[in-house]
Number of protein chains: 2
Amino acid sequence: MKHNFGAGPGILPQEVLKQSAEAVINFNSTGLSILEISHRSKEFEAVLEEAISLVKELFELPEGYSVLFLQGGASTQFAMVPYNLLPEGGKAAYVESGVWANKALKEAKYFGEVAVIASSKEANFTYIPKDFEVPADATYLHLTSNNTIYGTQLQEFPKSPIPVVCDMSSDIFSRKINAADFSLIYAGAQKNMGPAGVTLVIVKDELLGKTGRQIPAMFNYQVQIDGNSLYNTPPVFAIYVSMLTLNWIKAKGGVEAIEKENIAKAKALYTEIDRNPLFKGVCAVEDRSNMNVCFVAQNPEHEKPFLKLCDEKGIVGIKGHRSVGGFRASIYNALPITSVHVLIEAMQEFAEKNK
Amino acid sequence: MKHNFGAGPGILPQEVLKQSAEAVINFNSTGLSILEISHRSKEFEAVLEEAISLVKELFELPEGYSVLFLQGGASTQFAMVPYNLLPEGGKAAYVESGVWANKALKEAKYFGEVAVIASSKEANFTYIPKDFEVPADATYLHLTSNNTIYGTQLQEFPKSPIPVVCDMSSDIFSRKINAADFSLIYAGAQKNMGPAGVTLVIVKDELLGKTGRQIPAMFNYQVQIDGNSLYNTPPVFAIYVSMLTLNWIKAKGGVEAIEKENIAKAKALYTEIDRNPLFKGVCAVEDRSNMNVCFVAQNPEHEKPFLKLCDEKGIVGIKGHRSVGGFRASIYNALPITSVHVLIEAMQEFAEKNK
């Protein structure tokens with residue numbers, strides 16, 4: 001039994017894995033694999049429709065939004081967002097809360113002016129920048145809701161006089177948000193929603209078609225909307241697994257119920273980090289993420305032996321990102337609280353051995 | 001037992017499906033699913049390396065080429081090719097041999113001048129345009145090696161004084177080609193190489209970096225080469241299944257052995273189409289595809305009952321594309337010749353009943 005704390009591609013529910021494996025052999029009793037059925041078949045169209053409708057339901061999405069399942073990851077969205085939203089000579093406002101936010105704003109520079117209205121770069125992104133004014137003359141405000149590498153999370157979304165675009169790759173469907181506050185949400189699936197290879201985009205329809213830009217078909221949200229994510233062959237299997245995962249969230253009681261569990265998991269782990277004399281957290285307490293819990297050993301020499309102990313206990317994916325060091329426990333939706341308890345016990349055992 | 005003649009996503013080898021299903025539960029005895037392992041893990045890096053090296057081996061690729069596994073399908077390549085190759089004010093030459101070629105050249109128009117140097121559009125793409133001169137002042141020549149919808153295939157590649165770019169989505173690894181004749185090859189995996197969700201790109205390194213264009217990271221071949229297809233999270237599972245499929249091709253004896261089987265399958269089916277008084281082929285005999293065999297009923301009233309008979313015999317995916325009508329039997333690498341025999345017997349039985 002492994003306890004998968006990997007940052008992404010991350011843990012998926014066991015039931016989803018089981019159903020996915022079955023579908024690779026025989027999908028929905030068609031006698032065919034999900035890997036070899038037509039994306040135009042009624043069976044797959046039903047999968048896609050169910051996935052879209054689950055996104056709408058779980059987000060309580062108001063009218064006027066389109067839900068897309070695209071390829072290329074959030075990194076492709078870094079370019080598609082300004083390509084589709086920013087007119088020539090336009091300006092976009094970015095909050096630089098981590099490396100991914102930084103990458104997003106770099107891509108936007110290919111398409112127009114970028115105003116970095118706040119940044120915590122000088123502190124290696126250990127906190128969420130908060131005191132900033134959103135320029136009313138910018139086309140949109142870009143936020144990153146959770147910073148996977150540093151373990152920080154936007155606890156409160158800033159009020160904005162302009163449309164808000166948010167990269168939610170690492171905390172989508174982990175907590176209740178008010179969808180109407182956002183004009184565009186995107187997320188690579190591989191942390192909380194499904195496997196690598198599909199990207200969710202939720203976009204307010206009225207936002208589009210205003211730049212006058214000529215946009216190649218595959219990079220054009222409107223083309224993808226018109227094709228209902230079937231402009232070309234979509235990533236069939238990744239959408240299928242996402243649909244199963246969304247259904248699993250729904251069966252758990254929806255985002256509200258998941259959020260309660262996530263808070264309990266995070267609270268248990270942060271409590272241990274703060275209590276245990278051998279470890280300490282790395283980022284501002286008020287900005288701590290409920291998805292990626294980053295911490296270090298007080299004594300750097302303890303890092304390797306603690307990783308070894310984790311390995312012995314089946315705890316995997318706990319090594320921190322090279323730019324932060326130490327440990328990162330990603331406690332995504334599908335990670336059971338029992339795995340968090342195993343990690344806490346390992347920390348306690350390690351402290352006992354090393355006191 | 002189904003006989004999967006679907007045009008794509010198409011049939012995959014049974015062994016590959018079995019191994020893929022196992023990996024969804026427990027990948028390489030890691031105790032983790034292939035869907036929840038890090039793309040930076042040594043296990044996945046080994047998969048990617050093996051996939052790249054199999055492509056090089058099966059293609060007998062000379063030095064100086066990079067092999068990429070990207071997202072977005074061939075449709076994304078329609079835009080990426082000119083984005084990366086065509087300088088401002090440059091010109092590219094396209095052969096319009098089908099709807100996909102037409103889509104490719106439309107995307108190129110966003111980036112420069114497009115010379116359509118030959119087209120069979122006026123004949124609903126029922127033949128491969130052949131007599132054309134390749135303009136020496138164009139940056140590249142774009143070809144489509146196989147036209148899935150119409151069942152035509154380039155039997156001989158034209159000589160070209162300029163770099164040749166080829167969309168091989170529907171016949172890649174189905175026949176021996178001389179890789180050195182091409183500067184860029186791309187293919188959506190979902191016909192002969194793997195599942196939907198990954199695109200193979202083989203590019204001659206010296207072709208790149210000559211346009212002076214500023215290209216967003218995800219659309220920039222050089223960025224993808226520098227990142228070894230890991231600039232961002234790749235479609236892990238789709239690459240894994242492709243690696244297994246490439247290994248299957250190798251174990252069969254490589255492309256040469258596969259080609260012999262493909263020729264035998266195609267020959268058997270075309271012989272029956274030409275012999276059977278109830279059916280006829282739809283495209284020029286000399287351009288017939290060994291991958292997609294398109295035919296119609298001499299009497300249109302026979303279409304529905306023949307489809308019904310096919311259904312009874314477990315033959316699936318045989319309905320022709322709406323722009324051609326009739327039937328399309330896609331006989332990709334993984335389709336066993338026994339399935340072709342089942343189809344031929346159905347045609348004979350149908351002729352017997354309706355004579």
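Throughout, protein chains are lettered first and strands after them, A, B, ... in sequence-line order, and every chain is numbered starting at 1. Only this structure's heavy atoms are used, side chains among them; waters, hydrogens and symmetry mates stay out.
Listed by chain and number, the residues in a ring pair (Phe, Tyr, Trp, His ring centres under 6.0 Å) with B:Phe219 are A:Phe219 (sequence neighbours excluded).
For the set A:Gly10, A:Gly73, A:Gly6, the count of heavy-atom pairs under 4.5 angstrom toward chain B peaks at A:Gly10. Looking only at heavy-atom pairs under 4.5 Å with chain B, the residue among A:Gly317, A:Ala217, A:Pro234 that has the most is A:Ala217. Among A:Ala238, A:Gly72, A:Gly188, the residue with the largest count of heavy-atom pairs under 4.5 Å with chain B is A:Gly72. Ranked by heavy-atom pairs shorter than 4.5 Å toward chain B, the options A:Val316, A:Leu32, A:Val16, A:Val198 are led by A:Leu32. The candidate from B:Leu70, B:Ile239, B:Ile215, B:Val236 with the greatest count of non-hydrogen atom pairs under 4.5 Å with chain A is B:Ile215.
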Quick check - list every chain B-chain A donor-acceptor pair under 3.5 angstrom, one line each.
residue, atom, partner, partner atom, Å
B:Asn4, ND2, A:Glu36, O, 3.0
B:Leu12, N, A:Glu36, OE1, 3.0
B:Glu36, O, A:Asn4, ND2, 3.0
B:Glu36, OE1, A:Leu12, N, 3.0
B:Gln71, OE1, A:Gly72, N, 2.9
B:Gly72, N, A:Gln71, OE1, 2.9
B:Gly72, O, A:Asn232, ND2, 3.0
B:Glu107, OE1, A:Ala217, N, 2.9
B:Gln190, NE2, A:Thr233, OG1, 3.3
B:Ala217, N, A:Glu107, OE1, 2.9
B:Asn232, ND2, A:Gly72, O, 3.1
B:Thr233, OG1, A:Gln190, NE2, 3.3

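Using a 4.5 Å cut-off between heavy atoms, B:Leu12 touches chain A through backbone and side chain atoms alike. In this structure, chain B has a heavy atom under 4.5 Å from the side chain of A:Phe111, while its backbone stays farther away. Both the backbone and the side chain of A:Leu17 come within contact range of chain B, judged by heavy atoms closer than 4.5 Å.
Scanning both residues, B:Val24 and A:Ala21, for their nearest heavy atoms gives CG1-N, 3.7 Å.
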